[in-house]
Amino acid sequence: MNWLKNEKVKHAFMIGLLCSVSYLAVYFARNILSTVTPQMLEGKGYSTEYIGSVSSAFFIFYAVGQLINGIIGDKMKARYMISFGLILAGVCNLAFPFMTPSSLSALVVYGLTGFFLSMIYGPMTKVVAENTEPVYATRCSLGYTFASFFGSPLAGLVASFLAWRSVFTVSSVALFVMGTVCFLIFLYFEKKGIVKYNQYQREQKKGGSIKVLIQHRIIKFTLISILTGVIRTTVVFWLPTYISQYLRFSSEQAASVFTAATLVISLTTFIAVFLYERLHHNMDVTILIGFSFSAVSFLLVFLVKQPVLNIIFMVLAIMANNTAATMLWSRYCPSLRDTGMVSGATGFLDFVSYASAAISSSLFANAVADIGWNPLILIWFGLMVVGVMVSLPRKKEMKSSR
């Protein structure tokens, strides 16, 4: 434990641990609807189309919230943004399952859950980027990236043992507790000087903040955010339904398979870092490999119908996509520290990611009814092919990403 004697390392560990546990509560809550959808479709007054609309509303509110709250997060203390976001999301998440099935009010309330949860990520990334050394900032962001992946199997595990309304209640309690804990611990960090705000100001260049972000390749990473967002958010959301409907598992079996699959998927963070370091910290090549492997895996999902093998290839496809996503959120976003716009830029990237997820979630729900799962799998394959083309690095990018 000699590393704890180093103040910078100790503070980074404390900040990273708090952020990771908080983000686990966020993704636990976010994945509840996905894991209990098979139960809700079994004569509970809900339809696939309505669940698709609810998930789209969540993603739309979440996406817009990321854009708004990302900008606010550059100005307001993370203590308020994170703690209030968690608590208010807990209130909405608790109310949703007890509202009239398939009602507009239930849809809006669940959408508000997404808006309040969007208050977390941008301010969290800003705190980490501005209060830890770059190498520790990457490690911290990897911690809550892992937490975001681990939220899915955690939700699936709880859904395996409890009725669907009880799962919502458990997640709401987790949000209440973490909101309170975050407020108190961030207050302590601020008093001890572990967390300070506005240490970095925006770069003053001709053309303003937009030009600064363009110089930091925001356009390329916007496209990467859109493509990875569809797979890591929408495809994973519909995975339990895919397992239940396409592979013919019962709702209970689907929840168990989903838990096991997403538990493996949660290891992506560490695999991505291992690959990144083996490639001499070349972010662009790591992203290219991720998209390429994902495309091949989705093609195998389409070709191989045997359930066990099909699930294995699906997991590999999502993991490979998430490798590219890990580079985006854990490597690229913290690297924007010197721009003074970490929260705003991260919020924007999350906005486009979830805006695309919102659109695709509704489209996928309708596509399943209209054209079936097989053509949808080919669409996922096509998106990863586009990812390969977008991520092809130019010579100067190869040098700057090292």
Side-chain angles (χ1 to χ4, degrees), residues 20 23 27 31 121 125 135 137-153 217 220-237 239 260-301 311-335 346 349-350 352-354 356-357 360 377 380-393 397-398 400-402:
S20 297
Y23 215 48
Y27 267 77
N31 284 282
Y121 189 69
T125 304
V135 62
T138 298
R139 293 293 183 268
C140 288
S141 58
L142 283 173
Y144 51 79
T145 299
F146 167 73
S148 71
F149 294 151
F150 190 70
S152 295
R217 303 191 292 165
K220 174 176 179 174
F221 283 93
T222 296
L223 295 174
I224 291 173
S225 179
I226 291 171
L227 295 167
T228 57
V230 171
I231 304 302
R232 75 185 181 94
T233 302
T234 312
V235 173
V236 171
F237 176 88
L239 188 55
T262 49
L263 182 61
V264 175
I265 290 170
S266 68
L267 301 176
T268 302
T269 305
F270 307 108
I271 297 172
V273 173
F274 177 82
L275 179 62
Y276 172 67
E277 292 181 348
R278 297 289 81 74
L279 293 171
H280 308 290
H281 301 107
N282 196 313
M283 176 172 59
D284 292 287
V285 174
T286 305
I287 292 172
L288 177 60
I289 290 174
F291 278 129
S292 300
F293 196 84
S294 184
V296 172
S297 298
F298 271 126
L299 183 59
L300 291 172
V301 170
I311 285 293
I312 290 174
F313 291 131
M314 178 67 79
V315 168
L316 291 174
I318 295 171
M319 291 180 72
N321 170 82
N322 287 357
T323 296
T326 298
M327 290 296 102
L328 168 63
W329 305 114
S330 298
R331 178 67 186 87
Y332 176 73
C333 288
S335 73
T346 301
L349 290 170
D350 237 0
V352 296
S353 175
Y354 285 99
S356 61
S360 61
I377 296 169
W380 300 340
F381 163 72
L383 290 173
M384 294 300 92
V385 172
V386 174
V388 171
M389 294 186 288
V390 168
S391 59
L392 287 171
E397 289 183 345
M398 295 279 286
S400 64
S401 65
R402 294 178 184 274

Requested in this report: Start with the C-alpha distance between Tyr23 and Tyr121, add both sets of side-chain angles, then the distance that settles ring pair (Phe, Tyr, Trp, His ring centres under 6.0 Å), and finish with yes or no.
Outcome: CA-CA 8 Å; Tyr23 215 48; Tyr121 189 69; 5.3 Å; yes

Could you check whether any side-chain N or O of [X] sits under 3.5 Å from a backbone N or O of [Y], counting only pairs where one atom can act as donor and the other as acceptor?
{"X": "Thr233", "Y": "Val230", "answer": "no"}
{"X": "Ser225", "Y": "Phe221", "answer": "no"}
{"X": "Ser335", "Y": "Tyr332", "answer": "yes"}

Looking at [atom1] of [X] and [atom2] of [Y], how far apart are the two atoms once the value is rounded to the nearest 0.5 Å?
{"X": "Ile312", "Y": "Ser297", "atom1": "CD1", "atom2": "OG", "answer": "11.5 Å"}
{"X": "Ser353", "Y": "Ile231", "atom1": "OG", "atom2": "CD1", "answer": "11.0 Å"}
{"X": "Leu383", "Y": "Ile226", "atom1": "CG", "atom2": "CD1", "answer": "10.5 Å"}

Query raised in the report: What is the ring orientation for His281 with Tyr276, classed by angle as parallel under 30°, tilted 30 to 60°, or perpendicular over 60°?
Result: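 Perpendicular: the ring planes of His281 and Tyr276 meet at over 60°.
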
Would you tabulate the side-chain donor-acceptor contacts of residues 315-328 under 3.5 Å, counting partners in other chains and residues two or more places apart, or write 'none'?
unit_1, atom_1, unit_2, atom_2, d
Asn321, ND2, Thr228, O, 3.3
Thr323, OG1, Met319, O, 3.0
Thr326, OG1, Asn322, O, 2.8

If you look at every heavy atom in [X] and [Y], which pair is closest and at what distance?
{"X": "Val352", "Y": "Leu349", "answer": "CG2-O, 3.1 Å"}
{"X": "Ser20", "Y": "Ala147", "answer": "O-CB, 3.3 Å"}
{"X": "Leu288", "Y": "Leu392", "answer": "CD1-CD2, 3.8 Å"}

Would you say [X] and [Y] make side-chain contact, with heavy atoms under 4.5 Å?
{"X": "Phe150", "Y": "Leu263", "value": "yes"}
{"X": "Thr346", "Y": "Trp329", "value": "yes"}
{"X": "Arg331", "Y": "Thr286", "value": "no"}
{"X": "Phe291", "Y": "Leu227", "value": "yes"}
{"X": "Ile287", "Y": "Lys220", "value": "no"}

Report task. Mark yes when over 12 heavy atoms from residues, nucleotides or ligands other than Phe293 sit less than 6.0 Å from its CZ; otherwise mark no. Result ->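 At most 12 heavy atoms, drawn from other residues, nucleotides or ligands, come within 6.0 Å of this atom.
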
Report task. For Arg232 and Thr268, run side-chain contact (heavy atoms from CB on, under 4.5 Å): C-alpha distance rounded to whole Å, both residues' side-chain angles, the deciding distance at 0.1 Å, then the answer. Result -> CA-CA 11 Å; Arg232 75 185 181 94; Thr268 302; over 6 Å; no

Query raised in the report: Do you see a donor-acceptor pair shorter than 3.5 Å between the side chains of Thr234 and Ser360?
Result: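 Present: a donor and an acceptor within the cut-off.
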
